[in-house]
Amino acid sequence: MRTVITITLFIITGIFTALFFGFDLSEASKTLEYDDEQEGIQDRLVIQFSHVVAENTPKGMAARRFASLVESRTDGEIKVQVHSNGTLYNDQQEYQALKEGRVEMIAPATSNLTERFPKWQVLDLPFAFPSHQAVEEAYEGVIGETLLQELEKEGIKGLTFWYNGYKQVTNNSRPIVYPNDFDRLHFRIMPSPVIEAQFEQLGASTSVLPFNKTYRNLEVGFVNGQENTASNIYSKKLYQDQSYMTISNHGYLGYAVLINQEFWDSLSKEHQQIIESSMTETTSWIRRHAIELNDEHTRRLRQQENLQINYLTQAQREAWKRRLTPIYYRVEADVGEKLMMEIYDLQDKYGN
Ligand code: LMR
C-alpha cells in the first residue's frame with residue numbers, strides 16, 4: 001500500500017513539474033546557432049606549418065604573415081596553422097614529418113639539409129657571402145635554383161629561401177677574437193658537416209643538438225658555446241649563461257621553405273597561384289626586415305650586463321678566413337664545380 005502511494009506521489013509531482021517548467025521541446029527542435037567558423041569546414045584545407053624558432057624572429061614573423069595572406073586571398077578556403085617554437089616537431093624531426101605528410105610545410109635552416117643533400121653545404125661555407133646582396137643573389141640565382149631542384153627526388157617541393165642573418169659566436173669561457181681562442185672549447189652545432197669541420201679547423205669540438213635544447217645545454221655547461229643569429233640568440237635567451245659574444249659574421253643562416261609535393265599536386269591551380277604569390281610577397285618582406293630585426297636584437301644584446309661583446313677587426317677577420325680556407329677544398333667534391341664557381345664569382349663581385 002505504501003509503495004502504491006509513493007509511486008502515485010512521484011507521478012503527480014512529475015506531472016506538476018512538467019506543467020510548471022514545461023517540456024522544452026522548442027529548444028530540442030531549434031536549429032544550431034549560425035557559426036561562420038563552421039561554414040564549409042569540410043571543404044576547408046589546412047596547411048600545418050611547423051618551425052622551431054620564436055614568433056618575434058624573422059622566420060616566426062614571416063610564417064604568420066604568409067599564413068594571413070593565404071587565408072585572406074583564398075577567402076578562408078585555406079587555413080595555414082603555424083606551429084612555432086618546435087611545439088609540433090623539433091629541427092631533427094620536421095623533415096621526416098614533411099616527407100611523410102604529417103605536416104604540409106616547414107622552413108628548416110639550410111644547414112639542416114646538408115647531410116641529405118651534400119650540395120647544400122655550399123651555403124654553410126665560412127665567409128661565403130661578403131654581403132647581404134651576395135646572399136640574395138645566391139638564393140635567387142643559379143645556386144638557389146640548383147639546390148631547390150635537388151629536393152625533388154625526395155618528393156619535396158622547395159618554394160623559396162627565407163633570410164635570417166649572419167651567425168655570431170657566444171661562449172662562457174673567454175673572449176674569442178683570434179682562431180686560437182677557440183682552442184678546446186665545445187660548441188653546439190646544427191647537423192652540418194661543414195659547420196663541424198669549421199669548428200674542428202678552429203681547434204674546438206662540437207655536439208649536434210636540437211635548437212630548443214640549446215638553452216638547457218648552455219645552462220648546465222654541457223657545451224661552452226654556440227653560433228647563431230642575433231635574433232635567435234636574443235629570442236631564445238641563449239646569451240643568459242654566456243659571458244662573451246663575438247660579432248664575427250662568419251657564416252650565414254637562412255631557410256628553405258618546403259612543401260610536401262603530393263599535397264602541392266592535390267591543390268587546384270588557383271590555390272597554387274595564391275600560395276606562390278603570397279610566398280613571393282612574404283619573401284620580399286623577410287628580405288627587407290630580417291636585417292632590421294637582427295640589428296634590433298643585437299642592440300638589446302649589447303644592453304645585457306653579463307655579456308661582453310667583441311667585434312672582429314679586419315686583421316682578426318683575415319686570420320679567421322686564412323684558418324678556414326681548407327674547408328673550401330674539403331667540400332669541393334660534394335658541392336661540385338658549378339656551385340663552387342658561383343660562390344667564387346660572388347666573392348669576387350662583392351669583395352670578400
Ligand atoms: C638552429 O638550429 O640554430 C637554427 O636552425 C634555428 C632556426 O631555425 O633558425
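Remember, it's a predicted structure, so these values are computed and weren't measured experimentally. These values consider heavy atoms only, across backbone and side chains, with no hydrogens, waters or symmetry-generated copies. Just follow the structure's listing: the first ligand is 1, and inside any ligand the first atom is 1.
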Distance filter under 4.0 Å to L253 heavy atoms, resulting ligand 1 atoms: 9 (O)

Nearest neighbour in protein (non-hydrogen) for atom 9 (O) of ligand 1: Y255 OH, 2.5 Å

Charged N-O contact under 4.0 Å between E318 and R322: no

Nearest neighbour in protein (non-hydrogen) for atom 7 (C) of ligand 1: V53 CG1, 3.3 Å

Any T214 heavy atom less than 4.0 Å to ligand 1: no

Nearest non-hydrogen protein atom, atom 2 (O) of ligand 1: R188 NH2, 2.9 Å

N228, portion touching ligand 1 at heavy-atom distance under 4.0 Å: side chain

Residues that T114 engages under side-chain hydrogen bond (donor to acceptor under 3.5 Å, both in side chains), provided they are two or more places apart: none

H289 ring center within less than 6.0 Å of Y163 ring center: no

N232 and ligand 1 - part of the residue with a heavy-atom distance under 4.0 Å: side chain

Ligand 1 contact on K59 by region, counting heavy-atom pairs under 4.0 Å: side chain

Atom indices of ligand 1, in the order listed, that fall short of 4.0 Å to a heavy atom of D91: 2 (O)

Centroid separation Y89 to H83 less than 6.0 Å: no

Protein heavy atom at shortest distance from atom 4 (C) of ligand 1: M190 SD, 3.7 Å

Criterion side-chain hydrogen bond (donor to acceptor under 3.5 Å, both in side chains) on E196 and T206, from CA distance to verdict: CA-CA 7 Å; E196 190 182 335; T206 52; 4.8 Å; no

Under 4.0 Å to a heavy atom of V52 - the qualifying atoms of ligand 1, by number: 8 (O)

side-chain contact (heavy atoms from CB on, under 4.5 Å) between Y139 and L123, intermediate numbers included: CA-CA 9 Å; Y139 281 0; L123 301 176; 4.2 Å; yes

Atoms in ligand 1 flagged as close to A109, the criterion being non-hydrogen separation under 4.0 Å: 5 (O)

All salt bridge (charged side-chain N to carboxylate O under 4.0 Å, His left out) counterparts of E154, not counting sequence neighbours: K99

Y239/N306 under side-chain hydrogen bond (donor to acceptor under 3.5 Å, both in side chains): CA gap, chis, key distance, verdict: CA-CA 8 Å; Y239 59 87; N306 67 310; over 6 Å; no

